Amino acid sequence: MRMKFSKPRVGSIIIENKKFLRYLTSKQIEVEVKRIAGKINKDMDGMQVVFLVVLTGAFMFAADLLRRINFQAQVSLVRASSYKGMVTPGKVQIMMCTEEKLENKVVVVIEDIIDTGLTLKSILGKLEALNPGMVKTVALLFKPDSYKMDVEPDYVGFSIPGRFVGGYGLDYKGYGRNLAEIYLLEDA
Ligand code: IMP
Ligand code: MG
């Protein structure tokens, strides 16, 4: 059955029976996306750039960011699936869906959110074998409190607390990705 998002009161929403509070509005996101795109346009003009979008969560952020990139570039996709709490906890499966040659190019990995950093680390490991000239990372959201790796992302939109968020590409149990704003799971 097709279900409408129920909105118990202004600024909150129900995703799969859990209450989420509005956290980042479309306007706030737009401002940040514009700022990051401006920096990338300045830093990378004249370089041979391939943007590597990490599916599924980064699709919405990447669509907004990439239409603000004003130089000629290529776009490819990579799929990352983690198996949190399953047979091999902490293991991330990476599937490159790229036809583009990355050798000697500047690869810009676009992530929705960086939590522990394990996904990013796995992607960077996979990329190494393809000999890119340089790898940069962009994340709309970054949870510094849960981050366990040593190298921080190069471009970050919002640093947020270590709590669960949904919307704007990010899902809760597979839902909420199509919301235009970002919501924070209310404390249980
Ligand atoms: P990491 O490997 O721990 O950095 O986690 C990264 C991946 O976990 C992200 O690409 C998301 O798919 C997912 N993730 C982490 N935190 C959240 C969250 O708060 N909401 C939704 N997905 C999240
Ligand atoms: Mg993701």
Side-chain angles (χ1 to χ4, degrees), residues 3 5 11-26 28-29 32-33 36 50-66 75-98 107-128 135-188:
M3 300 242 293
F5 283 109
S12 73
I13 202 160
I14 302 290
I15 310 174
E16 282 294 279
N17 295 324
K18 287 278 187 206
K19 190 171 171 192
F20 284 74
L21 307 174
R22 185 154 65 209
Y23 184 53
L24 298 167
T25 64
S26 297
Q28 287 174 292
I29 296 168
E32 245 353 79
V33 169
I36 297 172
V50 182
F51 290 97
L52 197 59
V53 183
V54 184
L55 297 176
T56 304
F59 79 95
M60 203 176 274
F61 170 48
D64 285 345
L65 182 73
L66 290 173
V75 178
S76 272
L77 308 172
V78 59
R79 189 175 168 83
S81 343
S82 48
Y83 295 95
K84 282 176 188 162
M86 288 175 66
V87 193
T88 38
K91 197 171 154 56
V92 184
Q93 194 185 44
I94 307 295
M95 202 172 83
M96 302 283 296
C97 329
T98 176
V107 177
V108 181
V109 179
I110 304 180
E111 262 282 27
D112 50 355
I113 187 164
I114 296 175
D115 185 13
T116 62
L118 195 69
T119 304
L120 187 63
K121 191 178 171 223
S122 308
I123 293 168
L124 297 180
K126 198 95 176 177
L127 281 178
E128 222 166 83
V135 179
K136 294 283 177 188
T137 52
V138 187
L140 178 66
L141 305 169
F142 179 47
K143 295 180 179 172
D145 296 343
S146 21
Y147 193 63
K148 293 192 176 75
M149 305 301 156
D150 38 4
V151 188
E152 300 211 347
D154 299 291
Y155 303 89
V156 170
F158 303 91
S159 287
I160 64 169
R163 286 178 55 188
F164 195 87
V165 287
Y168 196 70
L170 295 147
D171 72 304
Y172 173 66
K173 294 190 176 174
Y175 293 96
R177 294 192 195 274
N178 55 314
L179 292 163
E181 316 211 287
I182 294 174
Y183 293 81
L184 189 66
L185 178 64
E186 194 181 52
D187 281 333

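Quick note: residue numbers are just sequence positions, from 1. All values below come from the heavy atoms of this structure, side chains included, with hydrogens, waters and symmetry mates left out. In listed order, ligands and their atoms are each counted from 1. Treat the numbers as computed from the prediction; the structure is a model and nothing was measured.
- When each atom of ligand 1 is checked for a heavy atom of T119 under 4.0 Å away, the hits are 1 (P), 2 (O), 5 (O), 6 (C), 7 (C).
- Taking any N or O of T116, backbone or side chain, at least one lies under 3.5 Å from an N or O belonging to ligand 1.
- Applying the ring-ring contact (aromatic ring centres under 6.0 Å, His included) test to pairs two or more places apart or on separate chains, those with a residue in residues 148-167 are F164-Y172.
- For ligand 1, the atoms lying closer than 4.0 Å to a non-hydrogen atom of L170 are 21 (C), 22 (N).
- Remark: E181 engages R22 in a salt bridge, criterion side-chain N to carboxylate O under 4.0 Å.
- For K121, the closest heavy-atom approach to ligand 1 does not fall below 4.0 Å.
- Atoms of ligand 1 lying under 4.0 Å from any heavy atom of F164, numbered from 1 in the order shown and given with element: 18 (C), 19 (O), 20 (N), 21 (C).
- For ligand 1, the polar-atom distance check finds an N/O of G117 within less than 3.5 Å of one of the ligand's N/O atoms.
- The N/O atoms of V165, backbone and side chain alike, include one that comes under 3.5 Å of an N/O atom in ligand 1.
- Annotation for ligand 1: atoms under 4.0 Å from non-hydrogen atoms of L118 are 2 (O), 4 (O).
- Minimum heavy-atom separation, P153 to V156: CG-CG2, 3.5 Å.
- Close contacts between ligand 1 and R163 involve ligand atoms 19 (O) [criterion: under 4.0 Å to a heavy atom].
- In summary, the atoms of ligand 1 found under 4.0 Å from a heavy atom of D171, numbered by their order in the structure, are 21 (C).
- Using bins of under 30°, 30° to 60° and over 60° for the plane-to-plane angle, the ring pair F142/Y147 lands in the perpendicular bin.
- Distance alone, capped at 3.5 Å, is enough to place a donor-acceptor pair between the K143 side chain and the R163 backbone.
- In this structure, of I113, L55, D115, the residue bringing a heavy atom nearest to atom 13 (C) of ligand 1 is I113.
- With hydrogens and angles disregarded, no donor-acceptor distance shorter than 3.5 Å links the side chain of S146 to the backbone of T116.
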